[in-house]
Amino acid sequence: MFTQKVHIIGGGLAGCEAAWQLAKRGHKVLLYERKPLSYSPAHKSPHLAELVCSNSLRAASIENAVGLLKEEMRRLGSLFMEAADATAVPAGKALAVDRDAFSKYIENRLMELSLITIIREEVTEIPSEGIVILAPGPLPLDALARAIEQLTGSSYLYFYDAISPIVEAHSINMRRVFKASRYGEGTEEDGDYINCPLSEEEYLRFREEVLRADKMPLREFELPIYLESCLPIEVLAERGVLTLAHGPMKPVGLIDPRTGKQPFAVVQLRKENREGTMYNMVGFQTRLTWPEQKRIFRMIPGLENAEFARLGSIHRNTFINSPALLTDHLQLKKQKRIYFAGQISGVEGYVESAAMGGLAGIFVAAEIEGFELPTPPRTTAHGALIHYLTTANPKNFQPMNVNFGLFPPLPRKISHHSRGKFYSDRALKDWQEWLTEIRP
């Protein structure tokens, strides 16, 4: 056991994973979490590691970049992945979790470790001494945000992320919907998704109402800068008549067993918890006002009498200009005792945030123990993300999900259907070699 204490600001996915990796290596951690004393606009649960937007951790297959990242985390002994695997719910080819059980699992595991002290208080200033990992998530409160801005010496960049509504299962009219996963992976009886089919007329009427609906206004000083991968449905509707039908409402790979035909459009509902009492409206991020959401979403076949456990909302996600500020060990260049982890560092997504938290914890452990730890190879999912965060153009830096476009090209031309396997095989080989560099 080492005597130096590491301060971790934020008990979200990145902060919890960093604390776990440090404690596993014998390091003392002070983990600061402001909940339940105060909440951001997006948080509701008092537990650590809350999932706020969706319960999906995206693709499970290691031939997909995010699936590969999850497998690398498993091999690293990630608490995030331990909790995800223990609380998984059916979701076809995706990994989704019971979000309440997931958060409780992580909190309980951290509380079992004597080396971790969880301090429930709001941090308004960055500790002036010792090693600090800043993992406040994308919504730091104003005082901490000002402290980070003063520390980095640069203006914040920001974008908006929207939350999808959750429907109570008992209120879904099962006579008008069908269960199936895309391309026949599920059946009427056992499909992981509930599908609400729309005819062309129903779709066009739905889009028209979305366009006409009242939206939550942005404050005067805020600009509507969205991630392309997380666009609100009203923004998609504005882009063209069929944009929604080619996006979150695409019917591809779904056959309505009652008609034997593919619907014109589909709204998919995914299990939100193990019991199947709640369903998430897949891809339905929105800033429609709550009354308008109830009115318009009840136009969807099967949701005529829908009761909503949560309505959609929109919030600001804040991130630093990492290429200008951070080393490839996630340290602040001008104060190397300060590390950044999670979404504030410029990654996008639950898995990516936790992965960067884990790396920050491991980098700090190596620093304290006094040995040189190389950055993970860029051929790995972790290394590809680090490389993006630290080498992207700082003039137009934007948050990024892990994807194979961040990896070095394959040494020879590979067919589209085989590329994922080749990327994965190469990555896991190099990842295993890198793991031997980490002291237990």
Side-chain angles (χ1 to χ4, degrees), residues 6-15 18 30-35 37-43 50 52 119 121-162 218-227 230 314-349 352-353 356-357 359-361 363-364 385-386 388-400:
V6 179
H7 302 267
I8 299 179
I9 313 302
L13 301 175
L30 300 178
L31 178 62
Y32 297 85
E33 171 53 50
R34 74 193 194 198
K35 298 186 305 180
L37 300 178
S38 64
Y39 291 82
S40 77
H43 291 87
E50 181 181 359
V52 297
I119 302 171
E121 65 179 44
E122 180 181 336
V123 175
T124 58
E125 297 181 353
I126 297 167
S128 59
E129 296 182 354
I131 294 179
V132 179
I133 299 177
L134 288 167
L139 297 167
L141 292 181
D142 289 345
L144 181 59
R146 286 193 297 270
I148 294 173
E149 188 169 10
Q150 184 177 8
L151 172 72
T152 60
S154 67
S155 299
Y156 264 79
L157 306 175
Y158 61 94
F159 63 91
Y160 290 87
D161 199 3
L218 298 173
R219 288 174 288 185
E220 290 183 2
F221 62 87
E222 295 178 327
L223 298 174
I225 303 172
Y226 302 106
L227 278 183
C230 197
I314 193 163
H315 58 275
R316 190 176 79 171
N317 280 354
T318 308
F319 60 97
I320 63 171
N321 193 340
S322 288
L325 297 172
L326 299 186
T327 73
D328 61 5
H329 277 49
L330 300 176
Q331 296 165 288
L332 191 62
K333 290 177 181 178
K334 68 177 186 178
Q335 278 201 63
K336 292 190 175 180
R337 70 178 185 90
I338 306 290
Y339 292 71
F340 281 83
Q343 276 192 273
I344 198 166
S345 69
V347 293
E348 169 63 12
E352 291 87 341
S353 296
M356 293 302 98
L359 279 185
F363 290 147
V364 169
L385 281 171
I386 288 282
Y388 174 76
L389 290 181
T390 55
T391 66
N393 187 343
K395 293 183 179 179
N396 54 16
F397 178 67
Q398 284 287 312
M400 181 70 73

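The figures here come from the full heavy-atom set of this structure, side chains too, leaving out hydrogens, waters and symmetry mates.
Ring geometry for H7 against Y32 counts as parallel: the plane angle stays under 30°, on a 0 to 90° scale with 60° as the upper cut.
In terms of heavy atoms, A341 sits closest to G357 at CB-CA, 3.8 Å.
Taking OG1 of T318 as the start and CD of E149 as the end, the distance is 10.0 Å to the nearest 0.5 Å. Atoms NZ and OG1, on K333 and T152 in that order, are 13.0 Å from each other to the nearest 0.5 Å. The distance from the CD1 atom of I133 to the CZ atom of F363 is 11.0 Å, given to the nearest 0.5 Å. In this structure, CD1 in I126 is found 8.0 Å from CD in Q335, a value given to the nearest 0.5 Å. Between M356 atom CE and Q343 atom CD the span is 12.5 Å, to the nearest 0.5 Å. Taken from CG in L325 to CG in L389, the straight-line distance is 11.5 Å, to the nearest 0.5 Å.
Within 6.0 Å of atom CD in E129, 12 or fewer heavy atoms from other residues, nucleotides or ligands are found, so the atom counts as exposed in its surroundings. For K336, the NZ atom counts as loosely surrounded, since its 6.0 Å shell holds 12 or fewer non-hydrogen atoms of other residues, nucleotides or ligands.
Using a 4.5 Å cut-off on side-chain heavy atoms (C-beta onward), V347 and P399 make no contact. Proximity of Q398 to F319: side-chain heavy atoms (C-beta onward) are separated by under 4.5 Å at one or more points. Between T124 and L144 there is no side-chain heavy-atom pair separated by less than 4.5 Å. Proximity of I119 to L31: side-chain heavy atoms (C-beta onward) are nowhere separated by under 4.5 Å. I131 has its side chain within reach of Y339: a pair of non-hydrogen atoms, C-beta onward, lies under 4.5 Å apart. Residues L151 and L332 are in side-chain contact: their nearest non-hydrogen atoms beyond the backbone lie under 4.5 Å apart.
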Can you check side-chain contact (heavy atoms from CB on, under 4.5 Å) on L141 and E122, steps first, answer last? CA-CA 9 Å; L141 292 181; E122 180 181 336; 3.5 Å; yes
side-chain contact (heavy atoms from CB on, under 4.5 Å) between N321 and F397, intermediate numbers included: CA-CA 7 Å; N321 193 340; F397 178 67; 3.8 Å; yes
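A donor-acceptor pair under 3.5 Å is absent between the side-chain atoms of E348 and the main chain of M400, judged by distance alone. Looking only at distances, a side-chain donor or acceptor of R337 sits under 3.5 Å from a matching main-chain atom of G130. Within the 3.5 Å criterion, the main-chain N or O of L326 finds no donor-acceptor partner in the side chain of S322. In this structure, S353 contributes its side chain and G349 its backbone to a donor-acceptor pair below 3.5 Å.
In terms of the side-chain hydrogen bond (donor to acceptor under 3.5 Å, both in side chains) criterion, Y388 has no residue partners (sequence neighbours excluded). In this structure, the side-chain hydrogen bond (donor to acceptor under 3.5 Å, both in side chains) partners of T391, at least two apart in sequence or on a different chain, are H387.
A side chain to side chain contact (heavy atoms under 4.5 Å, CB included) with V132 is found for one member of V6, I8, L30, I338 and no other, namely I338.
The pair E50-K35 meets the salt-bridge criterion, with a side-chain N (NZ, NE, NH1 or NH2) lying under 4.0 Å from an Asp/Glu carboxylate O.
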